[in-house]
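The structure appears below as structure tokens.
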Amino acid sequence: MGIYLNPGSRKFEISLKSEIYVDKTSLIAYTNSVVGTDQRYVCVSRPRRFGKSMAVGMLAAYYGCEEETGHMFKSLDISTSTSYQEYLNQFEVIQLDIQEFLSESSDIDEMLDSIKKNLLWELTDKFSEVRYYDKDNLVRSMRDIYLAKKRPFCILIDEWDCVFRELKEDKHGQKKYLDFLRNWLKDKPYVALAYMTGILPIKKYGSHSALNMFDEFSMIDPGMLAGSVGFTENEVKELCTKYNMDFYEMKAWYDGYSFDTAPSVYSPKSVVSAILRRKFGTYWNQTETYEALKIYIQMNYNGLKDSIIGMLAGEAVEINTERFSNDMMTFSSKDDVLTLLVHLGYLGYDDRKKSAFIPNREVSLEYINAMESLHWDGVVNALKDSEILLEALWNADEEAVASGVEKVHLSTSILQYNDENALSYTIGLAFYAARQYYTVIREMPAGKGFADICLLPRPHYSHKPAVIIELKWNQTAEGAIQQIRDKGYVKVLESYKGNILLAGISYDKKQKKHECKIEKIQL
């Protein structure tokens with residue numbers, strides 16, 4: 001076994017021996033289905049902390065031909081696949097971490113030269129009996145080996161996009177790198193599978209991509225690999241049961257990434273850290289700090305700040321992801337910035353609604369840290385005051401709630417304040433602290449309509465009252481309470497046993513005042 005050629009199963013063995021291992025070998029069933037086909041080029045982009053390197057190590061262990069690894073997979077999901085035995089230990093594996101080569105090089109030319117020399121040294125050493133046309137030519141040498149041995153290569157490339165993240169302004173070097181990958185991989189008969197991982201999708205130049213042979217699976221569209229993005233809800237439920245952790249708290253902290261075939265996907269590194277430390281909290285900064293987020297949310301694009309604040313209030317924001325150039329330098333609008341934040345994991349994305357949102361409590365705290373350092377004082381103060389406002393709601397202090405909502409409105413003014421939607425944004429910020437105790441549901445189907453906002457206590461906070469909030473624009477708060485009664489919104493909580501608060505919050509456009517009415521009922 002070599003360093004880059006057939007590196008063996010050690011990395012995957014470490015994953016299997018870890019205290020927490022979640023079986024993601026179903027990914028192999030997909031890669032097996034495209035081996036040796038036109039679809040054999042696979043590019044998977046994920047944020048940090050989402051298990052990209054683990055997957056590369058798993059594929060190396062499964063496909064590598066120099067070590068029998070069936071014992072490692074026999075009890076895992078892939079062992080039930082019809083393709084399991086067909087491709088197990090059948091290929092020469094080349095595994096590269098581009099970050100390693102880049103960190104040891106002064107420029108792209110030196111990096112590419114190092115990759116070629118290292119691979120040629122190991123290839124020509126193992127296959128010394130092969131007759132080579134040009135031992136200094138990587139592509140020709142791999143062709144010679146394939147013609148002589150008839151065994152194709154599985155090429156695994158981790159951190160493939162680090163060039164675009166770290167050498168942001170070196171356009172010439174980036175193009176050289178893409179040309180190298182294209183010339184090495186595209187339409188080469190010695191490639192059985194090429195699997196790349198990174199944070200960013202493949203860089204676009206103009207209307208074309210230099211690596212257009214790759215099928216891409218990203219945080220915008222993970223396709224049939226959605227279940228491999230992170231931990232699924234069933235996987236997290238099993239972990240919470242095994243380790244006696246509160247599932248609903250885990251969901252509030254780390255869930256929120258949603259795709260058509262995997263509607264609830266959790267940040268895997270954070271889930272594991274919470275379980276091992278027996279504590280819910282923010283583990284995001286173990287691999288990245290809010291400084292990285294701050295760089296992007298302070299960009300001076302029209303509407304960007306309003307969109308960020310709106311999402312922090314619990315709203316989703318429509319974005320156009322099509323124009324993003326898949327790098328960290330080329331921005332032409334707020335949509336480009338928000339699309340990058342989706343790829344970095346700072347936002348979730350709903351493909352059906354073409355909208356972005358802040359996925360969970362852990363990530364929202366990173367936004368608050370960034371906002372504090374950017375001196376977005378009005379928003380930060382509103383968030384800090386939200387705990388006081390929530391206490392006022394629990395105490396049915398109507399005047400304090402109205403006054404608190406008024407303060408949030410005046411200190412943020414994130415939108416033209418002219419409809420119920422704008423009022424909803426203000427309420428979302430005003431009661432931000434509610435997310436610590438409640439599952440917040442907007443437009444919840446209830447009775448004969450939709451309740452504007454429902455706050456349902458999570459099991460750990462079952463002593464807190466459930467809350468139904470109805471909003472009225474240029475009408476009375478009493479009218480909002482009457483609508484809750486008339487449309488039977490309380491029926492949606494029939495299975496809930498405890499105190500319920502009915503809150504009507506209105507805004508009088510003429511008087512420029514908020515009003516609040518609160519009723520307590522018991523089910």
Side-chain angles (χ1 to χ4, degrees), residues 4-9 11-13 15-16 21-46 50-70 72-98 146 151-161 181 184-198 201-202 211-219 221-230 232 259 261-262 265 268:
Y4 308 110
L5 176 64
N6 296 317
S9 61
K11 288 185 177 180
F12 187 52
E13 182 182 6
S15 297
L16 289 175
Y21 169 75
V22 174
D23 185 354
K24 291 296 181 181
T25 58
S26 58
L27 171 65
I28 300 173
Y30 174 76
T31 56
N32 281 350
S33 74
V34 299
V35 162
T37 72
D38 287 340
Q39 288 73 47
R40 66 190 184 277
Y41 301 97
V42 179
C43 182
V44 174
S45 54
R46 302 280 185 272
F50 276 72
K52 299 184 298 296
S53 297
M54 189 283 292
V56 169
M58 175 183 73
L59 294 174
Y62 174 78
Y63 286 117
C65 65
E66 289 195 357
E67 185 181 359
E68 201 289 312
T69 58
M72 303 177 75
F73 294 94
K74 64 181 181 181
S75 62
L76 302 179
D77 287 346
I78 185 57
S79 65
T80 63
S81 171
T82 56
S83 65
Y84 171 61
Q85 290 292 343
E86 182 179 1
Y87 295 112
L88 178 65
N89 306 138
Q90 292 301 303
F91 302 120
E92 305 288 347
V93 167
I94 290 176
Q95 181 178 340
L96 301 178
D97 183 339
I98 302 301
Y146 174 67
R151 190 195 292 275
F153 291 83
C154 171
I155 298 174
L156 308 174
I157 304 174
D158 199 9
E159 298 284 0
W160 89 271
D161 63 325
L181 292 176
W184 181 33
L185 302 174
K186 187 172 183 178
D187 298 329
K188 299 302 186 287
Y190 54 72
V191 176
L193 175 71
Y195 181 94
M196 301 198 308
T197 74
I202 291 172
L211 301 179
N212 58 8
M213 69 282 201
F214 277 88
D215 286 329
E216 296 195 69
F217 302 88
S218 72
M219 296 298 283
D221 182 12
M224 65 284 290
L225 301 187
S228 299
V229 170
T232 65
F259 311 104
T261 56
V265 171

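Just so it is clear, the structure is predicted and the values come from calculations on it, not from any experiment.
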Set of ring pair (Phe, Tyr, Trp, His ring centres under 6.0 Å) partners for [X], sequence neighbours left out:
X    : answer
F259 : none
F153 : none
Y190 : none
Y146 : none

Say you draw a straight line from [atom1] of [X] to [atom2] of [Y]; how long is it, rounded to the nearest 0.5 Å?
X    : Y    : atom1 : atom2 : answer
K24  : L225 : NZ    : CG    : 11.0 Å
S9   : M72  : OG    : CE    : 4.0 Å
I78  : Y84  : CD1   : OH    : 8.5 Å
I155 : L185 : CD1   : CG    : 5.0 Å
L59  : I28  : CG    : CD1   : 6.0 Å

Identify, with sequence neighbours excluded, every residue that meets side chain to side chain donor-acceptor pair (under 3.5 Å) alongside [X].
X   : value
Y62 : N32
Y4  : E100
N6  : E66, E92
S45 : none

Does some side-chain heavy atom of [Y] sit less than 4.5 Å from a side-chain heavy atom of [X]?
X    : Y    : answer
P152 : P189 : no
V34  : L193 : yes
N89  : E68  : yes
V93  : P7   : yes
V229 : F217 : no
W184 : V191 : no
T197 : I157 : no
L156 : L96  : no

Got a donor-acceptor contact below 3.5 angstrom from the [X] side chain to the [Y] backbone?
X    : Y    : answer
S83  : E86  : no
D158 : M196 : no
Q95  : D97  : no
E216 : I202 : yes

Shortest non-hydrogen contact from [X] toward [Y]:
X    : Y    : result
M213 : Y41  : O-CB, 3.4 Å
R46  : K52  : O-NZ, 3.3 Å
N212 : K186 : OD1-NZ, 3.0 Å
A226 : T261 : CB-OG1, 3.3 Å
M54  : S15  : CG-OG, 3.4 Å
A61  : T69  : O-OG1, 2.8 Å

Can you list everything that forms a side-chain contact (heavy atoms from CB on, under 4.5 Å) with [X]? Sequence neighbours excluded, please.
X   : answer
D23 : Y21, T25, L76, D77
Q90 : none
Q85 : L88
S75 : none

> Where do Y63 and T31 land on the side chain to side chain donor-acceptor pair (under 3.5 Å) test, with the steps shown first?
Replying inline: CA-CA 10 Å; Y63 286 117; T31 56; 2.8 Å; yes

> Considering residues, nucleotides and ligands other than K11, do more than 12 of their heavy atoms fall under 6.0 Å from its NZ?
Replying inline: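 Result for NZ/K11: open.
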
> Between F214 and Y195, is a ring pair (Phe, Tyr, Trp, His ring centres under 6.0 Å) present by the stated rule, with each step listed?
Replying inline: CA-CA 9 Å; F214 277 88; Y195 181 94; 9.6 Å; no

